[in-house]
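Below you'll find the structure, written out as structure tokens, and then a few comments.
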Amino acid sequence: LQSPWVLLQQAKRCTASLIPSYYEAVIRGEQEVPEYFNFASDVVDKWSQEEKDGKRSHNPAFWWVNSQNKEVKWSFEELAFLSRKAANVLSGPCGLQRGDRIMAVLPRIPEWWLLILACIRTGVIFIPGTSQLTAKDISYRMEASRAKCIVVTDTAAVAVDSILSECKFLKTKLIVSDRGRDGWLNFSDLFQAASGDHDCVKTRSEESMLIYFTSGSTGSPKMVEHSHSSYGIGFTSSGRHWMNLSPSAVFWNTSDPGWVKTVWSNLFAPWIHGSCAFVHHLPQFEPTVILNTLVKYPITTFCTAPTAYRMLVQHNASSYKFRNLKHCVTGGEPLNPEVFQQWKSQTGLDLHEGYGQTETVTICANAKGMKIKPGSMGKASSPYDVQIVDEHGNIQPPGKEGDVAIRIKPKQPFCLFSKYIDDPEKTAATIRGNFYITGDRAVKDEEGYFWFVGRADDVINSSGYRIGPFEVESALMEHPAVVESAVVSSPDPIRGEVVKAFIILSPAFLSRDPEDLIRELQDHVKKSTAPYKYPRKIEFVQELPKTAAGKIQRNILRKREWGKVKHPYDL
Ligand code: ATP
Ligand code: MG
């Protein structure tokens, strides 16, 4: 069987735009998933050839900036060349072979992009971790993944050295730093010396490419395995329709490289479309830095988490003139309709929400041009057949709440994870009848729009009523006193459990009498949604527990509420 590109050339249809077109046909099921696929040779090197042949515009492939006005801009040709050098570092001095695993705990630095491509070129399996990981987190991940190599910058190197005795499988330590460190190979030195010639391995589509630890919003992070084709090809359709990507697009997504959203939106989706992946180093999330970056650079599509949009609308985005921004995207958590409205009124732009998991590609999205219903995650995204099912795996009619599920029979979509590594039980537990069960609850309406209710274990059961936290949080957000909130269950002697809201107040309301304000907020929720959903308990807090990806950890608040009394979901 030929590589897809050879097939295209044979068909004498070799124009740049056919790179994504071919893979969109794969997503639509009009073409077979190629037997062999490698993102470095089949996508990056092909765009590089397009550039050499003068068929691609001057839009960079990669554009990195930091707050000190330092910039790195690479074309696909440069990216291809530099990632070959990085590949030679891995297979040469690092001694890594196809199938070995490398863990990368790096901030948003250009080397991260070279290293992941180098892994794809050599068949080494890449395991990203966020630079906020502690020594304990790293130790857990190194042990679980049996990674032979770790690559870090100075800060994490200290953490790694403190847990060396626990890392039984670790053979090579690689540091990205302008200084040397005892016992560590220096990436920059080796990279300078490495050759730019490298033969990319020929990988079968289903061969393992990436391992991701989930965000850990609900428990210990799980190791999710993805193949070369699942993430490599799986974003072609949502990249075009949800993220609005094309060869002239400049796409900035702010997520941390430890989170799956970075490969979705800073790598596979933009590069398969020949777009520019824009990255800001962003050591901290500073709303004014974000807004000023959108003013300064010609970013056409912007993506950040709902929690970040909640912060941005507090900074009156209408006073900033964005240079080229046309399309805004979000996902990872539910987006409250109130935040959608505020962003729209401040910038004139719609927020296109999408929904997915580490285990999947985009499951649902609000595509460009589609009617947006604020508060909805949009419609099923190709190639997934997404349904709401009951506890027996039966499809539920519109309007009925159930589990969000992806059809996997008779044929499992190629762009679904292969398994939770070393955990056949957890893997098997995701399958019910003909479906993969996401663990999220939602309702589908008559027009095929999905409405998120909550993670299955965040749904509150009060006196027999099932209450999704998202609806209560969204109702609270409509009140000017509320900057952010998290709604969880709390024990109650009569009702079993009741709704409790943890709320961060807007500064203007801090001086208000708390009892009065609690009553006012409760009355507001009773009017805005079905009255039985109102939070019987409210606590004002200064911050909410969040994962490294910025997601609210309701399970931590729930455990705190239940104290010694175990909630059934936490048993
Ligand atoms: P863990 O599985 O370890 O608990 P996690 O589920 O948070 O962590 P991710 O895979 O990063 O790890 O997150 C996927 C989850 O995020 C989804 O299952 C869903 O609960 C939530 N999510 C993602 N996008 C949306 C969205 N648009 N609306 C609502 N929830 C979303
Ligand atoms: Mg999950």
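Here the structure is a predicted model, which is why all the values come from computation and not from measurement. If you read the sequence from its start, that first residue is 1, and numbering goes on from there. Order of listing sets the numbers, starting from 1, for every ligand and every atom in it.
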Side chain, backbone, both or neither: which applies to F470 and ligand 1 if a contact is any heavy-atom pair less than 4.0 Å apart? neither
Tell me if the centroids of the rings in F268 and F235 come within less than 6.0 Å of each other. no
Pair F251 and W271, ring centroids less than 6.0 Å apart: no
Can you tell me if Y212 contacts ligand 1 (heavy atom of the residue under 4.0 Å from the ligand)? no
Please list, in number order, the atoms of ligand 1 under 4.0 Å from a heavy atom of G332. 16 (O), 21 (C), 22 (N), 23 (C), 24 (N), 25 (C), 31 (C)
Could you check if a side-chain atom of I538 sits within less than 4.5 angstrom of a side-chain atom of K500, using non-hydrogen atoms only? no
The option among T358, T214, V224 carrying the non-hydrogen atom nearest to atom 3 (O) of ligand 1 is T214
Record the part of F452 in heavy-atom contact with ligand 1 below 4.0 Å; permitted values are side chain, backbone, both and neither. side chain
Does an N or O from D440, backbone or side chain, lie closer than 3.5 Å to an N or O of ligand 1? yes
Between the candidates G354, P334, S376, which shows the shortest non-hydrogen contact distance to atom 27 (N) of ligand 1? G354
With a 6.0 Å cut-off (strictly less than), is the heavy-atom count around NZ of K148, excluding the residue itself, greater than 12? no
Would you say C364 contacts ligand 1, with heavy atoms under 4.0 Å as the rule? no
Would you please name every residue forming a side chain to side chain donor-acceptor pair (under 3.5 Å) with R560, sequence neighbours left out? none
Of the backbone atoms (N, CA, C, O) and the side-chain heavy atoms from C-beta on, which set of K551 has a member under 4.0 Å from an atom of ligand 1: side chain, backbone, both, or neither? side chain
Which of the ligand 1 atoms, numbered from 1, are nearer than 4.0 Å to a heavy atom of E353: 26 (C), 27 (N), 28 (N)
Given that the side chain starts at C-beta and the backbone is N, CA, C, O, which of these parts of M377 lies under 4.0 Å from ligand 1, counting heavy atoms, or is it both or neither? side chain
Does the cation-pi check pass for R407 over Y436, that is, NZ or CZ under 6.0 Å from the six-membered ring centre and within 45° of its axis? no
Can you name the atoms of ligand 1, numbered from 1 with element, that are less than 4.0 Å from a heavy atom of R455? 4 (O), 5 (P), 6 (O), 7 (O), 15 (C), 16 (O), 20 (O), 21 (C)
Assess K426 against Y420: is NZ or CZ under 6.0 Å from the centre of the six-membered ring, and within 45 degrees of the ring's axis? no
Is the distance between the ring centroids of F37 and H228 under 6.0 Å? no
